[in-house]
Amino acid sequence: MNPFELRNPDSVAAASGAAGPARVFKAAGIDLLDRLKERIDDPDALVNLLPLGAELGGIGRSDDGTIRLGALVTLQQIADSDALAAPGLRALREACGEAATPQVRSRATLGGNLLQRNRCWYFRSAAFQCAHDGKGDRCLAWHGENRYHAIFGVVDCLRVHPSNAAPPLMVLGAEVEVQRGEARRRQPIAALFPDSPAAATAEHTLGADDVLIAVHLPAAAARGGSAYRESREKQSFDWATTAAAVHLGVEGGRITSASICLGAVAPNPWPVDDAQSLVGEAPSRELFEQLARRVFRRATPTEQNRYKVEVGQAILVDALLAAAGL
Amino acid sequence: MQTDGPAPDRTPASRRSGGFSRRSFLKGASIAAVGGPAGAAATAGGAILTDAPRDTGTIPAGQLREIALRVNGVERRVAVETRTTLLDALRDGLDLTGTKKVCDRGACGACTVLVDGQPTNSCLMLAHDAVGREITTIEGLASDAALHPVQQAFVEHDALQCGFCTPGFVMSAVACLGKHGKPSPATLRHELAGNICRCGTYGRIFAAVQDAAGRAGR
Ligand SMILES: Cc1cc2nc3c(=O)[nH]c(=O)nc-3n(C[C@H](O)[C@H](O)[C@H](O)COP(=O)(O)OP(=O)(O)OC[C@H]3O[C@@H](n4cnc5c(N)ncnc54)[C@H](O)[C@@H]3O)c2cc1C
Ligand code: FES
Ligand code: FES
């Protein structure tokens with residue numbers, strides 16, 4: 001790591017004011033230190049968010065049933081939280097409890113997990129220059145090693161979104177709260193993930209001085225059933241190769257609401273609009289397998305990642321069955 | 001782990017009494033390197049600046065500053081830069097070399113220490129972020145009289161070959177037993193999933209930790 005200045009702000013507004021293009025936020029630093037050690041980033045200063053635990057920490061449940069997850073809450077705190085015990089929120093607990101390793105989960109923050117940069121090995125290596133890191137003119141994975149890369153939504157770059165927390169937060173209808181200077185704003189979590197053309201070089205829509213404050217869950221998220229399933233090459237440690245988060249409402253033997261988001265298959269968390277076709281149906285393995293086939297028929301795999309089409313269907317069916325309690 | 005009084009200094013005598021070990025040479029060499037032209041003014045003629053107040057203000061780049069870390073129940077002072085990891089502060093600054101550096105990227109678990117009781121990759125934590133936290137390393141587990149039950153079980157089960165992964169595994173196991181008491185085999189595997197053993201001694205490691213859990217319960 002090259003030397004950097006370490007700024008310890010005493011308020012969120014001060015943190016926002018201290019940040020800029022070459023002065024980046026640090027939460028636990030797990031993703032950031034990795035990038036600094038690999039020398040794919042070389043900021044002048046790190047703006048440390050850890051001193052702001054009073055404003056950015058904690059899991060809180062209001063009387064109206066809404067839940068606030070501070071940006072500095074750790075993945076392990078989410079996995080173990082009593083406030084998130086409802087079956088409707090299980091996908092989030094499962095996704096955070098399965099991510100990475102105990103040593104990473106104990107420090108990795110929710111904000112850092114959502115905003116971590118992608119794991120494409122060309123992007124993560126200073127030896128390669130690609131279009132996404134702004135130093136090259138093309139995506140090297142297209143004609144290179146692409147077995148962990150995207151099968152949906154590819155426009156310019158084959159990377160996949162690496163976050164375990166993002167797909168469940170998408171199906172739970174989460175909102176993110178962001179502060180710039182003194183001003184706070186709230187937006188649906190989907191707005192955090194960029195469309196083309198911004199997606200060519202960015203992985204989220206926050207400005208350099210935007211601090212992610214918290215993630216909010218609506219009361220409705222706790223109702224119904226939910227589940228998260230992922231595949232990976234090893235049983236532990238690694239990022240997912242495919243992932244599915246599901247939230248289902250079931251009443252009187254019929255599905256009343258359905259929301260699905262896939263992970264690790266597209267540059268952004270990948271919501272499945274087809275989930276709506278489940279509403280009104282009786283949950284069954286056949287129904288879920290049909291849906292999974294329809295969803296993955298639209299995949300556009302590259303040379304080495306065709307396995308994701310098969311594996312992704314199985315993972316989605318598993319998640320649907322678990323969310324439906326079958 | 002410490003019951004009363006300051007912990008014994010576990011630094012080997014050869015290193016303590018002005019003995020010239022490879023490590024103290026390396027340490028000196030690295031301080032000299034940053035005390036060169038770029039760092040000279042900042043470090044006021046080679047002297048190490050003492051503590052910035054925790055959590056406020058700005059710590060300049062490329063400067064050695066002394067911070068206080070609470071390690072194995074004892075407050076230790078160590079000179080670090082902003083970019084120094086907790087792992088490097090422990091190994092190179094405090095001579096606590098039981099904690100191992102293998103991947104330096106969070107991908108092996110050899111550097112596992114407990115921070116406020118939580119298993120942590122010390123290679124991915126800045127030393128500055130460890131100020132005010134309770135750090136336990138492998139050196140802090142045994143009392144003078146006896147090994148920690150997990151260490152003892154590793155010895156009895158011969159749960160190591162080269163031994164390089166062992167300190168990290170022991171720390172993860174201690175954290176796991178602290179959290180779960182007597183973990184099921186599935187829970188144990190989940191909680192030890194952040195450590196890799198290249199020699200493949202997993203079977204004996206799981207058996208040792210299960211055994212240690214049983215003993216602690218008796
Ligand atoms: C071995 C290993 C395995 C892993 N496996 C998985 C896995 O299976 N699934 C998974 O999802 N992740 C995995 N990870 C990644 C890990 O979860 C992330 O690195 C971690 O969550 C990042 O959180 P952090 O607090 O350390 O963020 P930092 O590294 O501090 O920050 C990450 C980025 O987010 C920005 N940032 C952080 N917080 C804020 C905020 N509040 N406001 C604005 N910007 C902010 C920073 O500027 C930085 O660019 C793994 C990591 C390792 C080392
Ligand atoms: S050295 Fe820290 S995890 Fe490998
Ligand atoms: S005993 Fe050699 S790496 Fe585990």
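In what follows, chains are A, B, ... by sequence order, proteins preceding strands, each numbered from 1.
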inquiry  = Out of A/M1, A/R107, A/E5, return the one with the most heavy atom pairs under 4.5 angstrom to chain B.
reply    = A/R107
Side-chain donor/acceptor of B/T82 to backbone N/O of A/F4, under 3.5 Å = yes
remark   = Rounding to 0.5 Å, atoms CG (A/L46) and NE2 (B/H128) come to a distance of 11.0 Å
inquiry  = Evaluate B/D129 against A/K26 for side chain to side chain contact (heavy atoms under 4.5 Å, CB included), listing each step before the verdict.
reply    = CA-CA 11 Å; B/D129 284 339; A/K26 179 191 75 65; 2.5 Å; yes
query = Relative to chain A, which segment of B/C123 carries a heavy atom at a distance below 4.5 Å: side chain, backbone, both, or neither?
reply = both
key: Greater than 12 external heavy atoms within 6.0 Å of A/R184's CZ   = yes
query = When rounded to the nearest 0.5 angstrom, what is the spacing between CG in B/L124 and CG in A/D31?
reply = 9.5 Å
query = When rounded to the nearest 0.5 angstrom, what distance separates CD in B/Q118 from CD in A/Q103?
reply = 11.0 Å
remark   = Honestly, the part of B/T85 sitting under 4.5 Å from a heavy atom of chain A is side chain
message = At a 4.5 Å cut-off on heavy atoms, which part of A/N2 comes close to chain B: side chain, backbone, both, or neither?
response = backbone
query = Roughly how far apart are B/T58 OG1 and A/L6 CG, rounded to 0.5 Å?
reply = 8.0 Å
Proximity breakdown for B/S172 and chain A, heavy-atom pairs closer than 4.5 Å = side chain
Spatial distance of atom CD (B/E191) from atom OG1 (A/T101) [nearest 0.5 Å] = 10.5 Å
query = A/K37 side chain to B/D104 main-chain N or O, any donor-acceptor pair under 3.5 Å?
reply = yes
inquiry  = Quick check on B/C108 against chain A: is it the side chain, the backbone, both or neither that has a heavy atom closer than 4.5 Å?
reply    = backbone
ask   = How long is the gap from OG on A/S106 to CG on B/N121, to the nearest 0.5 Å?
value = 7.5 Å
inquiry  = Looking at every heavy atom in both A/P3 and B/G62, which two are closest together, and how far apart are they?
reply    = CB-N, 3.8 Å
